[in-house]
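Here's the structure we're looking at; comments come further down.
The first residue in the sequence is number 1, and the count goes up from there. Everything quoted here is computed from the prediction, not taken from an experiment.
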Amino acid sequence: MTISVTNGADAPKHTLIFSYGTLKQGFSNHKLMQDLISKNDAVFVGNYITDRRLPLVRGPYGVPFLLNLPGASRHRVRGELYSVSDAGLQRLDVLEGITLGHYERLPISVRPEGSDTVVEAEAYYAHRNFAEDMWRRSGYEGFEAFSDEVAKGYVRRDLRPKDRSFREQITLFCSSS
């Protein structure tokens with residue numbers, strides 16, 4: 001969903017982004033969201049939950065991936081909703097490796113926790129080329145939220161081995177048992 005922040009004809013557009021992983025408050029990549037907020041490129045909207053049941057799994061290095069496999073999981077995923085400017089979206093797309101085939105930004109229906117009001121937003125899903133393999137590799141079990149407990153196995157990007165690309169690591173992860 002694209003919303004206008006001001007009423008002017010040349011008003012900047014903002015996109016609602018559902019964050020379910022390391023961009024959430026208290027996690028390692030939230031510093032990017034804080035930077036976007038400080039530059040008026042993002043606004044925290046609130047805590048939201050997916051309208052549909054979707055798998056949330058851990059990939060290589062404990063990286064969280066939301067899988068675009070509606071109904072495959074028993075969980076609705078909990079996360080945070082942000083209104084993000086076009087400039088902010090560009091920075092998020094880089095972090096999420098859109099051009100590298102790590103994630104793809106796609107529509108998602110979410111609602112405030114405790115409400116039936118559905119809001120259309122976008123989320124970074126695992127790229128479709130490996131989503132089903134990642135679901136299989138995860139034993140068809142996912143998480144309701146990227147929590148402190150789930151994040152225990154997460155390895156920050158700067159601490160990961162540099163001998164393979166992250167996309168190569170995803171392929172290796174999905175092909176292992």
| Glu96/Arg105 under salt bridge (Lys or Arg N to Asp or Glu O under 4.0 Å): CA gap, chis, key distance, verdict | CA-CA 9 Å; Glu96 302 294 0; Arg105 185 166 34 93; over 6 Å; no

| query | What distance do Phe18 atom CZ and Glu120 atom CD have between them, rounded to the nearest 0.5 Å? | reply | 13.0 Å

| field | Pairing residues for Asp148 by the side-chain hydrogen bond (donor to acceptor under 3.5 Å, both in side chains) criterion, not counting sequence neighbours | value | none

| task | Please list, chain by chain and in numerical order, all residues satisfying salt bridge (charged side-chain N to carboxylate O under 4.0 Å, His left out) with Asp133, sequence neighbours excluded. | result | none

| remark: For Leu81 and Ala121 the tightest heavy-atom approach is CD1-CB, 3.8 Å

| Any idea which heavy atoms bring Phe27 and Ala151 closest together, and the distance? | CE2-CB, 3.7 Å

| task | Determine whether Leu100 and Tyr61 fall in the same hydrophobic cluster, where Ile, Leu, Val, Met, Phe, Trp and Tyr are linked whenever their side-chain heavy atoms lie under 4.5 Å apart. | result | no

| said: Let's go through Glu80 and Lys24 carefully: what are the C-alpha distance in whole Å and the side-chain angles of both, what is the deciding distance for salt bridge (Lys or Arg N to Asp or Glu O under 4.0 Å) to 0.1 Å, and is it a yes or a no? | reply: CA-CA 6 Å; Glu80 299 172 350; Lys24 292 190 322 180; over 6 Å; no

| request: List in chain and number order the residues that pass salt bridge (charged side-chain N to carboxylate O under 4.0 Å, His left out) with Arg111, two or more places apart in sequence or in another chain; answer none if no residue qualifies. | output: Asp51, Asp116

| query | Does a side-chain heavy-atom distance below 4.5 Å link Arg167 with Thr171? | reply | yes

Enumerate, atom names and distances included, each donor-acceptor pair closer than 3.5 Å involving a side-chain atom of residues 40-50, sequence neighbours excluded.
from: Asp41; atom 1: OD1; to: Ser85; atom 2: OG; distance (Å): 2.6
from: Thr50; atom 1: OG1; to: Arg52; atom 2: O; distance (Å): 2.8
from: Thr50; atom 1: OG1; to: Val77; atom 2: N; distance (Å): 2.8

| Is there a side-chain contact between Leu56 and His75 (heavy atoms, below 4.5 Å)? | no

| said: Here's a test for you: under ring pair (Phe, Tyr, Trp, His ring centres under 6.0 Å), which of Phe130, Tyr20, Tyr125, Tyr124 qualifies with Phe65? | reply: Phe130

| remark: Nearest heavy-atom contact between Tyr154 and Arg160 is OH-NH2, 3.3 Å

| remark: Distance col, row Ser73:OG vs Arg53:CZ, nearest 0.5 angstrom, shows 8.0 Å

| query | What do you reckon, is CD of Glu132 surrounded by more than 12 foreign heavy atoms closer than 6.0 Å? | reply | no

| Quick one: do Val94 and Val84 end up in the same hydrophobic cluster if we chain Ile, Leu, Val, Met, Phe, Trp and Tyr together by side-chain heavy atoms under 4.5 Å apart? | no

| Do Leu95 and Leu23 come within less than 4.5 Å of each other through their side chains, counting heavy atoms only? | yes

| task | Identify, with sequence neighbours excluded, every residue that meets side-chain hydrogen bond (donor to acceptor under 3.5 Å, both in side chains) alongside Ser138. | result | none

| In Å and rounded to the nearest 0.5 Å, what is the CG to OG distance from Leu36 to Ser83? | 11.5 Å

| field | Distance in Å, His127 NE2 paired with Leu67 CG, rounded so as to fall on 0.5 Å steps | value | 13.0 Å

| request: With sequence neighbours excluded, tell me which residues meet side-chain hydrogen bond (donor to acceptor under 3.5 Å, both in side chains) with Arg78. | output: Glu113, Glu144

| field | Heavy-atom side-chain proximity of Leu54 to Ile108 below 4.5 angstrom | value | yes

| Heavy-atom pair with the smallest gap, counting every atom of Arg58 and Phe173 | O-CZ, 3.4 Å

| message | What's the separation between atom OG1 in Thr22 and atom CZ in Arg156, rounded to the nearest 0.5 Å? | response | 12.0 Å

| said: Do Arg91 and Lys39 make a side-chain contact, defined as non-hydrogen atoms from C-beta onward lying under 4.5 Å apart? | reply: yes

| message | Counting C-beta onward and ignoring hydrogens, is there a side-chain heavy-atom pair between Val110 and Val118 closer than 4.5 Å? | response | no

| query | With a 4.5 Å limit on heavy-atom distance, are the side chains of His102 and Ile98 in contact? | reply | no

| request: Give the minimum heavy-atom separation between Ala123 and Leu66, together with the two atoms involved. | output: CB-CD2, 4.2 Å

| Modelled atom types, side-chain donor and acceptor of Tyr103 and Asp93, under 3.5 Å | no

| task | Answer whether the closest heavy-atom distance between the side chains of Leu172 and Arg164 falls below 4.5 Å. | result | yes

| task | Taking all non-hydrogen atoms of both residues into account, name the closest pair between Trp135 and Ala72 and its distance. | result | CZ2-O, 3.3 Å

| request: Would you confirm whether Glu168, through its side chain, and Ser165, through its main-chain N or O, come within 3.5 Å as a donor-acceptor pair? | output: yes

